[in-house]
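Here's the structure we're looking at; comments come further down.
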Number of protein chains: 2
Amino acid sequence: MANSGKKKATIYDLSVLSGSSPSTVSAVLNGTWQKRRIKESTAEFIRSLAETHQYTANRQARGLRSSRSGLIGLLLPIHDNRYFSSMAQTFEAHVRSKGQCPIVVSASRDPKEERKTAETLISYSIDELFICGATDPDGVHEVCEAAGLKHINIDLPGTKVPSVISDNYEGGRMLTEAIIRHFQATRPLEPHELYLFGGRNDHASRERIRGFRAVKNELLGADPDECIQPTGYAPNNARLAFEAFYEKHGKLPRGLFVNSSINFEGLLRFMAGHPHENFADLVVGCYDYDPFASFLPFPVIMIRQDVEGMITKAFDVIEEARPQPCIHLIQPELVQPRTALTGPLDALKDIE
Amino acid sequence: MANSGKKKATIYDLSVLSGSSPSTVSAVLNGTWQKRRIKESTAEFIRSLAETHQYTANRQARGLRSSRSGLIGLLLPIHDNRYFSSMAQTFEAHVRSKGQCPIVVSASRDPKEERKTAETLISYSIDELFICGATDPDGVHEVCEAAGLKHINIDLPGTKVPSVISDNYEGGRMLTEAIIRHFQATRPLEPHELYLFGGRNDHASRERIRGFRAVKNELLGADPDECIQPTGYAPNNARLAFEAFYEKHGKLPRGLFVNSSINFEGLLRFMAGHPHENFADLVVGCYDYDPFASFLPFPVIMIRQDVEGMITKAFDVIEEARPQPCIHLIQPELVQPRTALTGPLDALKDIE
DNA sequence: CTTGTTTGCACAATCGATGGTGCAAGAACT
DNA sequence: AGTTCTTGCACCATCGATTGTGCAAACAAG
């Protein structure tokens, strides 16, 4: 309110007020003043002026000069999902602890959109880019490479720079095995009673499917091809697939491996349309963790990917001098039904 | 790969290549060339050069000159939650359709953090700021005001600029009434059997509580004070409150009004610790919508706030010439148990 | 052939911060 | 007193794009 309407103070304003030159003011305020042999008393005076006039540096100007911006980007497929939003939450905490500013943007799993978004971020001179779950990581890589921007892949691997991803094969195995074992106390599953729904032809889905098929063959002795239904990621496509199966068989498979919580939403939509069914014998394994899903009226076994671990690793790797384009696998965790795990929110204090 | 390592092309590079002046190049590439009477053929030539050299404007430079950045900010409490992440998703779509770049940042419901974050965003010369769910909207307002930044409140109202918020009173009423009616077919609720948990002393919580108490008094004839338990937003505090109640009464209230999905997670944590209980008679009303929560093994009635409506309204209002500091109420929607609604994700195409 | 007009563009200042270089005044030393 | 350091800071170019202004050349009018 004090100086409302006035524009923000600049080093030139402070320069006039203090009687020093702009470069002196700049040096004082960005910490390089000792190197420039500015007197302590001068520095102190300028600092106090900056304080009373609420000076904050114009980052566009600084960024222009230094060709850095203090922005670190995270490119997501979508926001609206527990997995990716906890990615955003964790990423943000890391970035801020480095004193930089996070900029999180989604690109809808669309390769063109991904490149365009990366270009936009680059035009803001972001300092680093974390590419998470990109459909075409190598496409984004080219854009970054051309701009000389440090970047790294998360969740879906590329071939040109390091990638930090979940161990989807192991996760797929764990989850499949857990589903199968869940039935062993009662009536064991037949091979044609365990289906996989969702995902598409991306690295994560392929690995999970590979794990699924391996374990299924090992434990159930067979894995008919029709049990694999990669219906994409849209909830409605998954719903239609469940609908079609139900239409044909009059029921759902007893065991379901659902590729992501987004696909799981497709299952919910199917269920909403069949209120009479009680799905008593159903066991779902979902490759994602959501606390509410974990408490559904049928057993839901989930995989929690180690978001904190992945982000931490990614920051480690991106700092390395010359990172090699290798893949860092992060182990996910199996979550038994009716489990409410803590998450990044628990790190926040709740001021009352 | 083509010009890997080289830095990005500037208008000066193109100026040399084309034989025109930098100002001509600039005019051509930012669309003001007609006004400057640049020949069509010159423009065409420069455009083709820009194309082959993959020119993209340096936004920091542009922003410095024009004191705009093309960035529009959204300040959230947290990312990791369906309500706020769908806010982010919707906001992003709106911003991009205006040809600008969204920057979504969270501030942990901490007033100091909120102001600091706003200041950081301002230092990047963002063009507008949407303040969502801020603990201290007027504090953020001051920071914005001092910088001459257009801003608006969402979800929690301030007193200095327009606010677009859910009609929490009506929502609270609807939800409370739905809970009570849910019992009327069987054994009606007693006043001391309907509790409200979660939230704190913010506008939204107060309004919801007001609605809760009004309806409870109307329909049940009483509302003992101890039935209101504003435990804050942290899941664990809510859990402790449920734990304490259970300790004291040996059971949960039959009717629960839970103030947010985050608090609901506290209920899940409680339940995870009591696997023997079956919570058969429980009905939960939750002031937030989450598709998985809607299918839990007990009836969960939810409120879906109209995120799309709020964001749309907020964009309308912020464009107005001199917006008055009034409150725009957006009606939320009651969601019956076992309902899987579509969301912003359904707008995405799923490329296979 | 001279005097406007229009066309098409170049020049240069500017946004705010940074950092290399230079230089005066004082201190230290011979 | 004269020379050499050191201290303490000012000056100025620079980052890349925008924009007000000026001015030749081409053209039209008289």
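Atoms considered below: every heavy atom in the structure, side chains included; atoms not considered: hydrogens, waters and symmetry mates.
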Verdict with reasoning, F130(A) to F315(A), per ring pair (Phe, Tyr, Trp, His ring centres under 6.0 Å): CA-CA 9 Å; F130(A) 290 66; F315(A) 272 93; 4.5 Å; yes

Residues T24(B), S21(B); criterion side chain to side chain donor-acceptor pair (under 3.5 Å); working and verdict: CA-CA 5 Å; T24(B) 299; S21(B) 75; 3.1 Å; yes

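Residue pairs meeting the side chain to side chain donor-acceptor pair (under 3.5 Å) criterion with at least one partner in residues 309-318 of chain B, sequence neighbours excluded, are E308(B)-T312(B).
Remark: N58(A) is not in phosphate contact with dC15(C), judged by side-chain N or O atoms under 4.0 Å from OP1 or OP2. Applying the 4.0 Å criterion to OP1 and OP2 of dA17(D), one finds that Y55(B) has a side-chain N or O inside that range.
Residues K150(A) and D127(A) are not in side-chain contact: their nearest non-hydrogen atoms beyond the backbone lie 4.5 Å or more apart. Put simply, the side chain of V161(B) does not reach to within 4.5 Å of the side chain of I152(B), judged on heavy atoms.
Residues S86(A) and D80(B) bring no donor and acceptor atom of their side chains to less than 3.5 Å of each other.
With sequence neighbours excluded, no residue forms a side chain to side chain donor-acceptor pair (under 3.5 Å) with E119(A). Every residue two or more places apart in sequence or in another chain was checked for a side chain to side chain donor-acceptor pair (under 3.5 Å) with R68(A), and none qualifies. Judged as a side chain to side chain contact (heavy atoms under 4.5 Å, CB included), and not counting sequence neighbours, the contacts of T10(A) are Y12(A), D13(A).
As a whole-Å value, the separation of N30(A) CG from dG16(C) C1' is 13 Å. Distance CD (Q60(B)) to P (dT18(D)): 14 Å, rounded to an integer number of Å. Taking atom NZ on K35(B) and atom C1' on dG20(D), their separation rounds to 11 Å, with Å as the unit. We find that CH2 of W33(A) is positioned 14 Å from P of dT7(D), with the value rounded to whole Å. Atom CD in Q34(B) sits roughly 12 Å away from atom P in dG8(C) (whole-Å rounding). Rounded to whole Å, atom C1' of dG16(C) lies 5 Å from atom CG of L64(B). Rounded to a whole Å, the CD1 atom of I11(A) is 13 Å from the P atom of dC11(D). To the nearest angstrom, P of dG16(C) lies 16 Å from CZ of R68(B).
Within residues 12-29 of chain A, the residues having any heavy atom under 4.0 Å from DNA chain D are, by residue number, G19(A), S20(A), S21(A), S23(A), T24(A). Near DNA chain C, meaning a heavy atom under 4.0 Å away, the residues from residues 37-50 of chain B are R37(B), I38(B), K39(B), T42(B).
Between the side chain of R62(B) and the base of dT18(D), no donor-acceptor pair of N or O atoms lies under 3.5 Å. The base of dG8(C) lies outside donor-acceptor range of the side chain of R36(B), with no N or O pair under 3.5 Å.
Of the candidate nucleotides dT18(D), dG20(C), dA17(C), dA17(C) has the atom lying nearest to any side-chain atom of A57(A).
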